Amino acid sequence: MIQTLFGSLEEQPSFLERMKEAVTRTRENLAERIEDVVSIGKEIDRPTLNDLEATLISADLGTTTTHEVLEKLRDKADRKQIGNVDELKRLLKEELLAILTAANTQPVLKVEGTPEVILVVGVNGTGKTTTIGKLAQVFRSNGKTVLLCAADTFRAAAIDQLEIWGERTGTEVIKTKPGGDPSAVLYDALQSANSRHTDYVIVDTAGRLHTKTNLMAELEKMRRTAQRIIPGAPHETLLVMDATTGQNGLQQARLFTQSAGVTGIVLSKLDGTAKGGVVVAISRELGVPVRYVGVGEKPGDLLPFDPKEFVESLFA
Amino acid sequence: MFENLQEKLQRAFKTLRGQAVLNEENIQEAMREMRLALLEADVNFKVVKQLIDQVQAKALGQEVMTALSPGEQVIKIVHDELVQLLGKDTARMKFASQPPTVVLMAGLQGSGKTTTSGKLANWLKNGGHRPLLVSVDVYRPAAREQLKVVAQAIKANIYEGEVTESNTATVERLAKEARREAINTGSDVLIIDTAGRLHIDDQLMEEMQSLKRLMNPQEILFVADAMTGQDAVRSADEFHKKLSLTGVVLTKMDGDARGGAALSIRQVTGQPIKFIGIGEKYDALEPFHPDRIVSRILGMGDILSLIEKAEQHVDKKKAQEVATRALSGDGFSLEDFRDQLRQVKKMGSLQSLMGMLPSIGPFSGLQKAAGNVDEKQITRVESIINSMTQHERLHHEVINGSRRKRIARGSGTTVQEVNNLLRQYAQMRKMFKQMGKGSFARRMAGMKLPGM
């Protein structure tokens with residue numbers, strides 16, 4: 001029964017086709033549902049709005065954001081300003097795009113001649129290390145010099161994992177022994193980046209649940225350490241969020257922003273079937289924008305976030 | 001931000017007082033609140049709809065019990081319904097009649113397969129089994145290295161093997177070699193950690209299917225992140241269709257996610273949730289109790305788990321001894337005090353303990369308070385006591401000014417902190433003494449507690 005809602009699965013050889021496929025699937029389903037809502041020919045009443053609400057919720061937008069968006073549509077519907085399915089769709093898209101584009105936290109501007117420091121944080125298993133590998137690839141292919149800092153000294157083999165990405169992208173990794181102090185290795189990395197005039201330092205941190213206060217305090221300490229060595233650092237703090245994350249994502253974003261001063265989000269694993277709609281709720285509440293999306297495990301599988309495309313991928 | 005379901009329902013039912021039956025009209029508002037709460041807990045909306053329909057059908061026409069408020073009564077119906085959906089009893093692991101038992105770990109990237117494999121091996125070891133671990137994740141950088149480090153940490157056997165190429169042939173060869181190794185070393189359970197994969201990645205899903213045919217596992221466990229949203233039904237369903245899962249492990253349950261994905265996954269696969277992961281330490285794996293997670297999804301806390309945890313970690317006999325001595329008058333020494341602190345520490349972080357309490361009623365403030373408790377404080381107090389001589393610990397009255405100075409230096413604290421500790425300790429002693437005499441108990445009995 002759930003299957004019919006999402007459509008059936010076909011063979012998908014390439015990622016691009018997969019994305020297109022996913023987008024089309026959503027569009028057809030939503031169009032069908034909206035058609036259902038409107039074609040009955042009655043006014044948009046409570047049960048039909050509940051249906052529509054469920055559709056948005058299935059993309060993980062959450063009840064609050066969904067209600068806010070629908071409330072506006074309901075107003076217009078009451079005043080008979082919505083004539084047909086297309087118009088309803090267009091208005092929905094507009095609302096969501098407005099929320100996403102209103103989120104515009106910017107990274108701190110770096111002082112000319114000093115490295116730009118990017119701190120990468122998130123809960124366990126979202127893909128921080130992989131994202132860092134891909135980011136390094138992006139900067140390297142733009143001819144920039146990059147230094148990776150292995151400050152995840154906690155998880156088994158995390159340092160080895162980053163080193164393999166370092167080899168793949170031709171980037172040096174500053175590390176310490178497992179169990180070492182993350183702030184100490186950060187200190188070392190920033191010192192050497194300073195003396196070498198590296199363009200970017202990307203800092204890998206251990207995955208941590210946002211509810212563990214002592215681990216969150218460790219992030220605050222790392223920020224203070226960075227600040228002492230390079231003015232304004234970390235200039236960008238990226239929260240890596242798994243696209244399959246549900247409503248807990250909002251709480252993650254809230255607490256990581258509090259402790260680590262998140263300036264942007266990387267939405268990872270968007271090559272699956274999850275839509276990552278929780279970022280709409282995050283943009284709405286915290287004003288933190290999505291910077292990149294992760295769409296695979298290869299070095300090139302990181303794309304800049306395009307709000308319009310993202311909304312289209314939900315509806316268009 | 002998250003208003004408790006129980007509070008919401010109580011509000012919804014305010015107008016209902018004095019009515020004798022639950023009818024369609026008066027439960028509608030309650031059903032709406034219920035629906036929102038379940039959605040906010042990431043239960044899939046299709047599953048939510050089914051549940052609401054079932055609950056509504058059950059609730060209609062029921063007489064309002066005198067013992068329960070209408071809100072409580074609806075919650076009870078929902079609670080029972082959810083428990084029924086999840087299966088009443090804790091599921092057991094299946095073992096092969098002819099060892100080794102093969103356990104195949106499957107799941108999306110980053111769900112926690114490797115950590116869970118280690119925890120499972122640890123859990124089996126503690127239960128008297130001889131597990132052997134093998135990682136056939138030849139794709140993710142350092143994945144096999146990670147399992148090796150985990151195996152070392154828990155002192156479990158691991159089959160490493162050689163990897164020259166990252167392909168399905170290597171995966172199958174490693175698995176076969178590991179089974180031979182298990183037989184040769186007399187290991188009775190073989191745990192196969194696999195690469196994370198998307199349910200729509202046909203090539204890797206085929207690899208999983210051929211691994212299943214080859215190894216004929218007794219258990220195929222789907223490892224899923226408790227924070228997963230609406231998509232959980234989709235991935236679980238695909239994995240189940242292709243592999244016929246035998247159970248689910250829900251990881252990262254030590255966070256504040258409600259874990260509604262548990263309901264969704266159970267609903268689409270029909271397979272029991274066998275374990276939950278509740279921390280980064282290797283003993284942080286527990287058998288799953290359906291009734292407890294239902295309480296959590298509904299925001300009603302998990303008191304049973306808390307009690308069990310306390311039982312597991314507190315040495316009852318020792319506690320009894322200390323209590324008897326303390327109550328008899330003068331027996332509670334600083335050494336006993338330190339033991340108590342250590343037992344508290346063993347039970348895990350205060351925060352995770354508080355998370356098990358319901359977020360309502362008398363406990364509502366506690367969870368927030370626990371967030372403010374500096375856990376390092378316990379360690380500091382412990383090191384102060386550690387810096388005392390045994391004589392000082394047993395006879396606190398000898399600790400004079402110069403001893404205090406030495407203790408502060410030894411423990412890296414200040415004399416003020418040492419003073420504080422001694423003052424607290426003296427108060428505790430006094431309290432125990434009074435309790436022993438019975439005056440404390442008498443006073444407690446005479447007191448009227450608010451709200452009771």
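Within every chain, numbering begins at 1; the chains are lettered A, B, ... in the order of the sequence lines, protein sequences first and strands thereafter. Heavy atoms only: backbone and side chains are in, while hydrogens, waters and symmetry mates are out. All of these numbers come straight from a predicted model, not from anything done at the bench.
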Region of [X] in contact with chain B, defined by heavy-atom distances below 4.5 Å:
| X | answer |
| --- | --- |
| A/Asp242 | side chain |
| A/Glu163 | neither |
| A/Thr245 | both |
| A/Val278 | neither |

Are there more than 12 heavy atoms of other residues, nucleotides or ligands under 6.0 Å from atom CD of A/Glu297?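 No - once you tally the heavy atoms of other residues, nucleotides and ligands closer than 6.0 Å, there are 12 at most.
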
How long is the straight-line distance from [atom2] of [Y] back to [atom1] of [X], given to the nearest 0.5 Å?
| X | Y | atom1 | atom2 | value |
| --- | --- | --- | --- | --- |
| B/Phe45 | A/Leu56 | CZ | CG | 10.0 Å |
| B/Thr115 | A/Asn124 | OG1 | CG | 8.0 Å |
| A/Thr244 | B/Asp225 | OG1 | CG | 6.0 Å |
| B/Glu280 | A/Leu215 | CD | CG | 7.0 Å |
| A/Asp271 | B/Gln109 | CG | CD | 7.0 Å |
| A/Thr63 | B/Leu38 | OG1 | CG | 11.0 Å |

Is it true that A/Gln161 and B/Arg140 share a donor-acceptor pair across their side chains at a distance under 3.5 Å?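 Present: a donor and an acceptor within the cut-off.
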
Under 3.5 Å, is there a donor-acceptor pair between the B/Asp256 and A/Thr211 side chains?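 No, no side-chain donor-acceptor pair sits under 3.5 Å.
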
Which residue out of A/Pro178, A/Ala156, A/Ala157 racks up the most heavy-atom pairs below 4.5 Å with chain B?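 Most heavy-atom pairs under 4.5 Å with chain B: A/Ala156.
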
If you compare all heavy atoms of [X] against all heavy atoms of [Y], which two are closest, and at what distance to 0.1 Å?
| X | Y | result |
| --- | --- | --- |
| A/Leu209 | B/Gly255 | CD1-N, 3.4 Å |
| B/Gln230 | A/Ile57 | CG-O, 3.2 Å |
| B/Asp254 | A/Lys212 | OD2-NZ, 2.6 Å |
| A/Asp160 | B/Ala142 | CB-CB, 3.7 Å |

Those residues that, when tested against A/Ala150, pass side-chain contact (heavy atoms from CB on, under 4.5 Å) (two or more places apart):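 A/Ala150 satisfies side-chain contact (heavy atoms from CB on, under 4.5 Å) with A/Ile159, A/Leu162, A/Val173, A/Lys175 once adjacent residues are dropped.
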
For A/Thr176, enumerate each residue passing the side-chain contact (heavy atoms from CB on, under 4.5 Å) test, keeping only those at least two apart in sequence or located in another chain.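 Applying side-chain contact (heavy atoms from CB on, under 4.5 Å) to A/Thr176 gives A/Thr153, A/Val185.
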
Can you say whether B/Leu108 sits under 4.5 Å from chain A via the side chain, the backbone, both, or neither, judging by heavy atoms?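 Side chain of B/Leu108 only, per the 4.5 Å heavy-atom cut-off to chain A.
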
Applying side chain to side chain contact (heavy atoms under 4.5 Å, CB included) to B/Leu36 and A/His67, what does each step give before you reach the verdict? CA-CA 11 Å; B/Leu36 283 179; A/His67 280 172; 3.6 Å; yes

Just so I understand: if I count every heavy-atom pair under 4.5 Å between each of B/Ala153, B/Gly229, B/Ser111, B/Ala143 and chain A, which residue has the most?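 Maximum pair count with chain A is reached by B/Gly229.
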
